[in-house]
Amino acid sequence: MRRRKRRHFGRERSMMASKGEIWVVDLNPQKRRNEVGKVRPAMIVQSDVLNHEGAYPNIIVMPLTTVLIDKAEPLRLRITRRGNLKKDSDLLIGQIRAIDRSRLIEKVETPDVGEMRTVRRFLDEILD
């Protein structure tokens with residue numbers, strides 16, 4: 001039986017992501033039509049204890065989309081363009097998922113403290 005080679009999507013294994021950062025990630029392959037795929041920005045929502053220990057191979061993210069829907073809280077949160085985030089985007093809170101760390105490509109931006117509080121509140125609402 002042949003072993004598959006592991007892809008690292010052009011990044012060094014030593015890159016470390018922190019909670020709240022927005023990274024470009026590779027969400028392919030898409031398994032179902034209602035799942036978000038493509039290479040796109042996503043917010044890291046996993047605790048930094050797991051992010052920085054290195055023993056946990058996955059990282060929990062929420063993807064962003066530039067297909068904007070107004071007044072879609074708590075399933076979406078608008079993140080305005082700034083820095084390396086070139087377009088206004090909606091954070092897809094209902095699409096939270098775990099991905100392998102090798103799918104992280106590059107850091108894009110860090111949201112402000114108020115946005116992180118809102119993400120936590122929206123997560124609490126949809127998971128209650």
Side-chain angles (χ1 to χ4, degrees):
M1 184 180 248
R2 284 178 41 188
R3 296 185 104 170
R4 284 184 172 175
K5 288 187 179 179
R6 188 175 186 115
R7 298 185 312 178
H8 294 289
F9 302 100
R11 71 165 192 86
E12 293 292 321
R13 296 291 280 165
S14 63
M15 292 175 91
M16 214 181 314
S18 295
K19 184 176 181 179
E21 292 177 343
I22 296 174
W23 281 67
V24 174
V25 300
D26 187 340
L27 297 179
N28 290 318
Q30 177 182 356
K31 298 293 184 184
R32 303 271 188 256
R33 282 180 7 132
N34 62 335
E35 292 178 344
V36 176
K38 298 193 323 187
V39 173
R40 65 173 64 238
M43 180 185 286
I44 310 299
V45 294
Q46 176 173 284
S47 165
D48 280 339
V49 171
L50 293 174
N51 291 339
H52 299 167
E53 286 295 315
Y56 189 62
N58 295 331
I59 195 155
I60 301 169
V61 301
M62 287 180 197
L64 282 85
T65 181
T66 55
V67 177
L68 306 177
I69 298 177
D70 292 331
K71 299 180 182 175
E73 296 88 5
L75 294 175
R76 289 176 176 238
L77 173 66
R78 184 69 41 87
I79 306 289
T80 56
R81 71 183 180 103
R82 60 181 168 266
N84 291 326
L85 188 63
K86 302 298 181 194
K87 294 182 177 182
D88 288 353
S89 302
D90 279 355
L91 181 65
L92 301 172
I93 297 180
Q95 291 283 335
I96 189 170
R97 66 188 269 197
I99 61 172
D100 187 90
R101 289 177 184 276
S102 66
R103 292 178 176 268
L104 295 174
I105 298 173
E106 67 179 327
K107 181 180 171 184
V108 175
E109 197 58 52
T110 303
D112 65 39
V113 174
E115 287 170 332
M116 289 307 300
R117 276 193 220 112
T118 304
V119 168
R120 182 59 182 235
R121 184 168 49 83
F122 286 177
L123 258 178
D124 287 346
E125 283 183 45
I126 68 170
L127 295 175
D128 188 15

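Worth knowing before you read on, the calculation uses all heavy atoms, side chains too, and leaves out hydrogens, waters and symmetry mates.
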Looking at R81, I want to see if its CZ is surrounded by more than 12 non-hydrogen atoms of other residues, nucleotides or ligands under 6.0 Å. no

So which heavy atom on R78 is nearest to which on D88, and how close? CD-CB, 4.4 Å

Do the side chains of R76 and T65 get nearer than 4.5 Å, heavy atoms only? yes

Within this structure, what is the CD1-CD distance for the pair I93 and E73, rounded to the nearest 0.5 Å? 8.5 Å

Mind checking the CG-CG spacing from L92 to L75? Nearest 0.5 Å is all I need. 9.0 Å

Taking the side chain as every heavy atom from C-beta outward, state whether E109 and I79 have any atom pair closer than 4.5 Å. no

Spacing of CG belonging to D26 relative to NZ belonging to K38, to within rounding of 0.5 Å: 12.0 Å

With side chains defined as the heavy atoms from C-beta onward, is the minimum distance between R97 and L27 less than 4.5 Å? yes

Smallest heavy-atom separation, A17 atom then I59 atom, equals CB-CD1, 3.9 Å

Are Q46 and N51 close enough that a side-chain donor and a side-chain acceptor fall under 3.5 Å? yes

Is the backbone of E115 close enough, under 3.5 Å, to the side chain of D112 for a donor and an acceptor to pair up by distance? yes

Between K19 and S47, the two heavy atoms sitting closest are CD-CA, 4.5 Å

Once you round to the nearest 0.5 Å, how far does OG1 of T110 lie from CH2 of W23? 10.0 Å

Heavy-atom pair with the smallest gap, counting every atom of R101 and L50: NH2-O, 2.9 Å

Here the pair of heavy atoms bringing N28 nearest to V39 is ND2-N, 4.1 Å

To the closest 0.5 Å, what do you measure between CG (L91) and CD1 (I22)? 7.5 Å

What I'd like to find out is whether the side chain of S18 reaches to under 4.5 Å of the side chain of H52, using heavy atoms alone. yes

Report yes or no: do I126 and M43 belong to one cluster of Ile/Leu/Val/Met/Phe/Trp/Tyr joined by side chain heavy-atom distances under 4.5 Å? yes

How far does CG of L64 sit from CG of D90, to the nearest 0.5 angstrom? 8.0 Å

M116 and L127: same hydrophobic cluster, using ILVMFWY side-chain contacts below 4.5 Å? yes

Determine whether L123 and M62 satisfy the following criterion, side-chain contact (heavy atoms from CB on, under 4.5 Å), listing intermediate values before the conclusion. CA-CA 11 Å; L123 258 178; M62 287 180 197; 3.5 Å; yes

Verify same cluster id: L85, V67 (apolar side-chain graph, 4.5 Å): no

